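Please read the structure below before turning to the comments.
What you are looking at is a predicted structure, and each value in this text was computed from that prediction instead of being measured. Worth knowing before you read on, the calculation uses all heavy atoms, side chains too, and leaves out hydrogens, waters and symmetry mates.
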Amino acid sequence: MARIQHAKTQNAQIATLTFWGGVGTVTGSKYLIETKNSKVLIDCGLFQGLKELRDRNWQAPPFDPTTIDAVVLTHAHTDHVGYLPALVKNGFKGMVYCTRATGELARIILEDSAELQEEEADWRNKKGLTEHKPAVPLYDRTDVKRTMKLFQPQKAGTEGFQVTSDIRVQWWPAGHMLGARSLLVEVSGAGALGQQRSILFSGDVGRCNQPVLRDPVTPPPADYVLVESTYGDRLHEDEDPRQQLAEVIKDAHERDAPVLIPAFSVGRTQDILYHIRELEDAGEIPIVPVRADSPMAAEATQAYLKMVEEHDDDTREITAARRNPLRTKSMGFSSSREESRRLNEETGARVIVSASGMMTGGRVMHHARQMVSNPEATICFVGFQAAGTTGRRILDGEPEIKIFKEWFPVRCSVKKIGGFSAHADYNELLTWLAPLARHAPRQVYITHGEPEAAAAMAEHIKERFAWNVTVPAYGDVIELK
């Protein structure tokens, strides 16, 4: 299966790293480190997007979950934590290490994921819209409760902590989302004289000067580097995304029309609320109703406010003045399904921020059914849309999209604001990598990118640093020689 041959892990002189996700795609991140004594999984994400990827979630795990000693998380997005309850369901009983913020946000995300899966399975069974009799969720809320008991949040600093007898982790702020970290993993006893080998996992690297979050920090040099490549083939727009958002809202106000913003409930929704509040404070946009339609977004927003150890200086200053940096002047959260349905009965200019961010499910799909064929409405994308998702199909200009087995013509206005991305573009990634040049890595592996983006990122790194770079495939194994 693996293209890269490796010695058996019984040999005490060898440790291996296997890519079980986050390669060839931006979803499903899973990286397995094996030594003579330990097996540690870095991230445990859910596959999303194309059906061939989603099907992997339902297949038997490619490794034995009962033999995994621990999982270490870079951050709490679904593509990095969403498979954890399935791992537990399949026998994993080890510890899950993360920051305090990641632990809190992972709980929110996983509980919501389980509830949505249960609801969708029930809905499909009632409507007969399933190939499986009956449809069942990948995991349920009971599985999530069992999973959360395994979490061991660690201090937010860079002191480091021992995961197993021969694997130690240090971490540095990655930006991207609350609690996100890049990981420096030290594997001891990898050589005959007890040498150490180090692996740097970038996680998802964010951008500088983002709301609430501290800027990303590059960890010290490492022997092996795994770097994400979500935007490895493109640069973010020069235009200020805040001003682009202002134009969308002003246009909607002038036309007395609705705006739907698909956004992840954790991270992107808080960014959008922060920017709308700033624009209102500066008098740059009219006051329009803002509706965050997601119980998870409401809970995550509270977590964002209380995790003060993660805040940047600007946010600390605002909260010190007893102001809420994430609340607009005419704002409401919709918690119940009845409140969500009532949003579609409202008229006039308004902004609805709803999940999921890639329109792969959730309440945003019900709003999309109402708006996608309305020429007066606007769907405004503020984040990456993976191949195979409804959001990507709309962005690519497909004339019709399918929502809940029903086809709808796309007649609404479609906007894209790329500058809100929580991912660094390739220039920003090269800047993040630059401090590692004082001790060039033995090998760099390009992860978390669609094929074109990953290939482009590899070429950028070769051209800039002349390092050895590989784009691994699913199931590939490398030796830490």
Side-chain angles (χ1 to χ4, degrees), residues 18-22 27-34 37-48 53-122 132 134-154 161-164 167 169 179-181 183 185 201 203 265-266 296 299-300 303 356 361 474-475:
T18 309
F19 298 87
W20 288 125
T27 68
S29 291
K30 299 181 195 72
Y31 311 104
L32 180 60
I33 302 172
E34 299 180 71
N37 302 314
S38 309
K39 292 184 180 180
V40 172
L41 198 62
I42 306 298
D43 284 340
C44 190
L46 200 68
F47 285 103
Q48 300 165 291
L53 292 175
R54 301 197 311 272
D55 286 346
R56 288 180 184 171
N57 297 323
W58 295 90
Q59 297 166 4
F63 47 81
D64 183 357
T66 65
T67 66
I68 304 298
D69 297 294
V71 178
V72 184
L73 301 177
T74 60
H75 64 287
H77 277 145
T78 301
D79 56 323
H80 294 259
V81 304
Y83 189 76
L84 271 172
L87 193 75
V88 171
K89 194 173 181 178
N90 280 281
F92 171 69
K93 292 182 173 63
M95 294 292 100
V96 180
Y97 296 95
C98 59
T99 61
R100 186 171 78 103
T102 292
E104 177 66 12
L105 295 177
R107 177 190 63 78
I108 295 169
I109 286 172
L110 293 176
E111 287 177 353
D112 184 77
S113 174
E115 184 175 0
L116 287 175
Q117 289 184 58
E118 290 174 24
E119 289 178 355
E120 183 168 352
D122 288 344
H132 307 283
V136 295
L138 180 64
Y139 51 80
D140 58 25
R141 281 169 279 192
T142 300
D143 297 315
V144 172
K145 288 180 180 178
R146 292 170 56 212
T147 301
M148 296 313 302
K149 291 178 180 178
L150 304 178
F151 272 63
Q152 294 288 319
Q154 302 297 301
F161 53 94
Q162 204 71 30
V163 178
T164 65
I167 295 179
V169 170
R181 295 293 186 269
L183 309 180
V185 180
F201 295 84
S265 295
V266 181
M296 180 165 62
E299 197 171 359
S356 71
Y474 182 80

Next on the checklist: The test is side chain to side chain contact (heavy atoms under 4.5 Å, CB included); show your working for Thr66 and Phe92 and say whether it passes.
Outcome noted: CA-CA 5 Å; Thr66 65; Phe92 171 69; over 6 Å; no
Next on the checklist: Assess the residue pair Tyr139 and Val144 against the criterion (side chain to side chain contact (heavy atoms under 4.5 Å, CB included)); give the C-alpha distance rounded to whole Å, side-chain angles, the decisive distance to 0.1 Å, and a yes or no.
Outcome noted: CA-CA 8 Å; Tyr139 51 80; Val144 172; 4.1 Å; yes
Next on the checklist: Walk me through whether Leu73 and Phe151 qualify under side chain to side chain contact (heavy atoms under 4.5 Å, CB included).
Outcome noted: CA-CA 10 Å; Leu73 301 177; Phe151 272 63; 3.9 Å; yes
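- In plain terms, the two heavy atoms of Ala121 and Ala135 that are nearest each other are CB-O, 3.7 Å.
- In this structure, OG in Ser265 is found 11.0 Å from CG in Leu105, a value given to the nearest 0.5 Å.
- Atom NZ of Lys145 sits in a sparse spot, with 12 or fewer heavy atoms from other residues, nucleotides or ligands closer than 6.0 Å.
- How far CG of Asn57 is from CZ of Arg54: 9.0 Å, rounded to the nearest 0.5 Å.
- Residues satisfying the side-chain hydrogen bond (donor to acceptor under 3.5 Å, both in side chains) criterion with Thr27, sequence neighbours excluded, are Thr25.
- When atom types are taken as modelled, the side chain of Glu34 and the backbone of Leu32 share no donor-acceptor pair closer than 3.5 angstrom.
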Checklist entry - How far apart are the C-alpha atoms of Arg107 and Glu299, what are their side-chain angles, what is the distance that settles it, and do they pass the side chain to side chain contact (heavy atoms under 4.5 Å, CB included) test? => result CA-CA 10 Å; Arg107 177 190 63 78; Glu299 197 171 359; 2.8 Å; yes
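- Scored by the side-chain hydrogen bond (donor to acceptor under 3.5 Å, both in side chains) test, Arg56 finds no partners at all (sequence neighbours excluded).
- Using a 4.5 Å heavy-atom cutoff, the side chains of Pro153 and Thr99 are not in contact.
- At least one side-chain heavy atom of Val40 sits less than 4.5 Å from a side-chain heavy atom of Val72.
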Next on the checklist: Using salt bridge (charged side-chain N to carboxylate O under 4.0 Å, His left out), reason through Glu104 and Arg100 one step at a time and then give a plain yes or no.
Outcome noted: CA-CA 6 Å; Glu104 177 66 12; Arg100 186 171 78 103; over 6 Å; no
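- A heavy-atom distance below 4.5 Å is found between the side chains of Tyr97 and Val163.
- For the pair Lys30 and Tyr83, the cation-pi test (distance below 6.0 Å, angle within 45°) is passed.
- One finds the CD1 atom of Ile42 at 10.5 Å from the OH atom of Tyr31 (value rounded to the nearest 0.5 Å).
- Side-chain contact between Gln48 and Thr78: present, with at least one pair of heavy atoms (C-beta onward) separated by less than 4.5 Å.
- Considering only heavy atoms from C-beta on, Ile109 comes within 4.5 Å of Met296 through its side chain.
- Atom NZ in Lys149 sits 10.5 Å away from atom OG1 in Thr147 (nearest 0.5 Å).
- Residue pairs meeting the salt bridge (charged side-chain N to carboxylate O under 4.0 Å, His left out) criterion with at least one partner in residues 61-80, sequence neighbours excluded, do not occur; the list is empty.
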Checklist entry - Would Glu118 and Arg141 count as a salt bridge (charged side-chain N to carboxylate O under 4.0 Å, His left out) if you check the C-alpha gap in whole Å, the side-chain angles of each, and the deciding distance to 0.1 Å? => result CA-CA 8 Å; Glu118 290 174 24; Arg141 281 169 279 192; 2.6 Å; yes
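- Gly179 and Thr102 make their closest contact through O-OG1, 3.1 Å (heavy atoms, listed as atom of the first residue, atom of the second, distance).
- Remark: the Gln117 side chain and the Ser113 side chain contain an N/O donor-acceptor pair separated by less than 3.5 Å.
- To the nearest 0.5 Å, the span separating CG on Leu87 from NZ on Lys93 amounts to 10.5 Å.
- Here CG of Leu138 is found 5.0 Å from CH2 of Trp58. Values are rounded to the nearest 0.5 Å.
- For the pair Phe63/Ile68, a side-chain contact is recorded, criterion being any heavy-atom separation below 4.5 Å from C-beta on.
- Remark: side-chain polar atoms of Asp112 are not paired, donor with acceptor, to backbone N or O of Ile108 under 3.5 angstrom.
- Nearest heavy atoms, Ser38 versus Thr164: OG-OG1, 2.8 Å.
- At a threshold of 4.5 Å between non-hydrogen side-chain atoms, the residues Ile33 and Phe201 count as touching.
- Nearest heavy atom pair, residue Val81 against residue Leu110, reads O-CD2, 3.5 Å.
- Between the side chain of His80 and the backbone N or O of Gly203 there is no donor-acceptor pair closer than 3.5 Å.
- Remark: aromatic rings of Tyr474 and Phe19 are distant, center separation not under 6.0 Å.
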